[in-house]
*Asks:* 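What follows is a single structure, and I will ask about it in a moment.
Below, chains carry the letters A, B, ... as their sequence lines are ordered, and counting in each starts from 1.
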There are 2 protein chains.
Amino acid sequence: MKSAHADELDTAERLLATASRLFYAHGARAVGVEWIVAESGVAKTSLYRHFHTKDDLIAAFLEREDREFWTQWDKVVKAVAGDPRRELMALLDWIGQRVSRDGYRGCPQINVAAEFSDRDHPARTIRARHKAAMFERLKALTRRIGTRQPDDAAYQIALLVDGAFTSDGRLSRVGATRILQSAARALLGGERVRGEPSRARTKSRGRRRRVAGTAPQ
Amino acid sequence: MKSAHADELDTAERLLATASRLFYAHGARAVGVEWIVAESGVAKTSLYRHFHTKDDLIAAFLEREDREFWTQWDKVVKAVAGDPRRELMALLDWIGQRVSRDGYRGCPQINVAAEFSDRDHPARTIRARHKAAMFERLKALTRRIGTRQPDDAAYQIALLVDGAFTSDGRLSRVGATRILQSAARALLGGERVRGEPSRARTKSRGRRRRVAGTAPQ
DNA sequence: TGACGACGCTACCGATCGGTATCATGATGC
DNA sequence: GCATCATGATACCGATCGGTAGCGTCGTCA
């Protein structure tokens, strides 16, 4: 619906893709607009036609990361949908793989927001919204799981996840997925009522089935 | 042993104190040397006589933070020394208070290291050393506690701590210390052998005594 | 054919970046 | 008194920062 050759990437998308790559790899303040212009092959004037300021471009980058993150989250959940425990394990597996990727440099929301001290900077507000959404999703999950004090468990799992994001390769060297999943199991199962049987949740449909890509222990 | 008025702060110390405050509050790249010079009241020439480059100043800042962090850590441990569980709980209480302070803006090692993509940048190497030291100390603690798979538990607690560091005020609003300590208890106690009594570690000297500043639950 | 819109190119803006050279000042130790 | 040393003040460096103005070009659509 645009013009000319619709097969090629839109100018704004090319800019945003290049800016996102550079911002993530080097930090928002470390990347000047000239660098983005040179790398994307788009004129600087065009950059400022689509994004009025560099901060707008940074905001667009974080919004884009936010959307892609939840898209993948939903995809992971959908693949094992039904048992909330399996959903959580699959999510932790996905995050474990994510932080183990080559070139992984942490959570873009955390990294970029840390570069700006102004509380009203878009990077700060977008991060806040992103992390609040993360907690809400985890809370919904722990409630469905039926843990005692599900909100606390959700916070604790969020801590594990953010910790994994900032682990800078340390976690992946010892098995990120394994560490995350076993921690979550301890947090969810460790608060059960004394005397209650330790394994075997009551609603046991398909229990203890392995999640794709999940280490047995 | 220096000169003139020894009661006043040394020039280098004044510079480093000002630079540390600004670097932490605004980020290393956001703070120019002119700003540090203006804020500290020290001439720019003096800055470069003590710190050859801005990167040197950044490195000195992180080294300073590292030293102060472990100094406080040791102090917290010393106050309750003896029972490793109580040491861990006291440390988590300290961290819970730390991340709840006004103006807390996350772990300086994590924040500043994220601003530099060069793996050889001092911020990157100092952070790596700092986080490795954190893991070693936690590992020593979990081993003394006698947890099953103490290395895994140490990693998991490190994730909680780094997650708390990056929580940006979210954690403190729900009780940082409480969340951290209950998570650690679950991680340490959740792996006990099936059938074994759930509370009451065998070496029970002074067990279940409250740690200063610790919430009952 | 002619208007329009999206884009690229070049040249430029003032401000700030990290870093240096030069010289004056003032206190210390001998 | 004199040499030494740490510091301050000023002026400057080239490079880069985010951002803009002006103009030419090309494809689309009526």
*Asks:* Would you call the rings of B/Tyr104 and B/Phe165 parallel, tilted or perpendicular if under 30° counts as parallel and over 60° as perpendicular?
*Replies:* tilted
*Asks:* Return yes if the base of D/dG8 and the side-chain atoms of B/Lys44 contain a donor-acceptor N/O pair under 3.5 Å, otherwise no.
*Replies:* no
*Asks:* Could you check how far CH2 of A/Trp35 sits from C1' of D/dG19, rounded to whole Å?
*Replies:* 20 Å
*Asks:* For DNA chain D, whose closest nucleotide is more 5', that of A/His52 or that of A/Ala30?
*Replies:* A/Ala30
*Asks:* B/Glu13 CD to D/dT7 C1': how many Å, rounded?
*Replies:* 16 Å
*Asks:* Would you say B/Thr11 reaches D/dT7's phosphate, i.e. side-chain N/O to OP1/OP2 under 4.0 Å?
*Replies:* yes
*Asks:* Report the nucleotide, chosen from C/dG18, D/dC17, D/dT10, that has the shortest atom-to-atom distance to any side-chain atom of B/Tyr48.
*Replies:* C/dG18
*Asks:* To the nearest angstrom, how far is B/Leu15 atom CG from C/dG19 atom C1'?
*Replies:* 15 Å
*Asks:* If I take atom OG from residue A/Ser20 and atom CG from residue A/Leu57, how far apart are they, to the nearest 0.5 angstrom?
*Replies:* 7.5 Å
*Asks:* Report yes if a donor N or O on one partner sits less than 3.5 Å from an acceptor N or O on the other, where the partners are the side chain of B/Arg49 and the base of D/dG8; otherwise report no.
*Replies:* yes
*Asks:* Could you tell me the separation between the CG atom of A/Leu47 and the P atom of C/dA6, rounded to a whole number of Å?
*Replies:* 16 Å
*Asks:* Could you work out which one of C/dC17, D/dC17, C/dT10 sits closest to the side chain of A/Thr45?
*Replies:* C/dT10
*Asks:* Is B/Val31 touching bases, backbone alone, or none of the nucleic acid, heavy atoms closer than 4.0 Å?
*Replies:* sugar-phosphate
*Asks:* Below the 4.0 Å mark, does D/dT7 have OP1 or OP2 next to a side-chain nitrogen or oxygen of B/His50?
*Replies:* yes
*Asks:* Looking at the side chain of A/Val42, which of D/dG18, C/dG8, D/dG8 is the nearest nucleotide?
*Replies:* C/dG8
*Asks:* Rounded to whole Å, please give me the gap between CG in B/Leu57 and P in C/dG19.
*Replies:* 10 Å
*Asks:* Let me know the distance between CD1 of A/Ile36 and C1' of C/dG8, rounded to the nearest Å.
*Replies:* 18 Å
*Asks:* Between the side chains of B/Asp66 and B/Trp70, does any donor sit under 3.5 Å from an acceptor?
*Replies:* yes
*Asks:* Check the distance between D/dT20's P and A/Phe51's CZ and give it to me in whole angstrom.
*Replies:* 15 Å
*Asks:* For A/Gln97, does its backbone N or O pair with a side-chain atom of A/Arg101 as donor and acceptor, under 3.5 Å?
*Replies:* no
*Asks:* Relative to the 5' end of DNA chain D, which residue comes earlier, B/Ser46 or A/Lys54, by the nucleotide with the nearest heavy atom?
*Replies:* B/Ser46
*Asks:* Determine whether the side chains of B/Thr142 and B/Gln149 contain a donor N or O and an acceptor N or O closer than 3.5 Å.
*Replies:* no
*Asks:* Which sits closer to the 5' end of DNA chain C, A/Ala43 or A/Glu34, going by the nucleotide each is nearest to?
*Replies:* A/Ala43
*Asks:* CZ of A/Phe116 versus C1' of D/dG18: gap in Å, rounded?
*Replies:* 12 Å
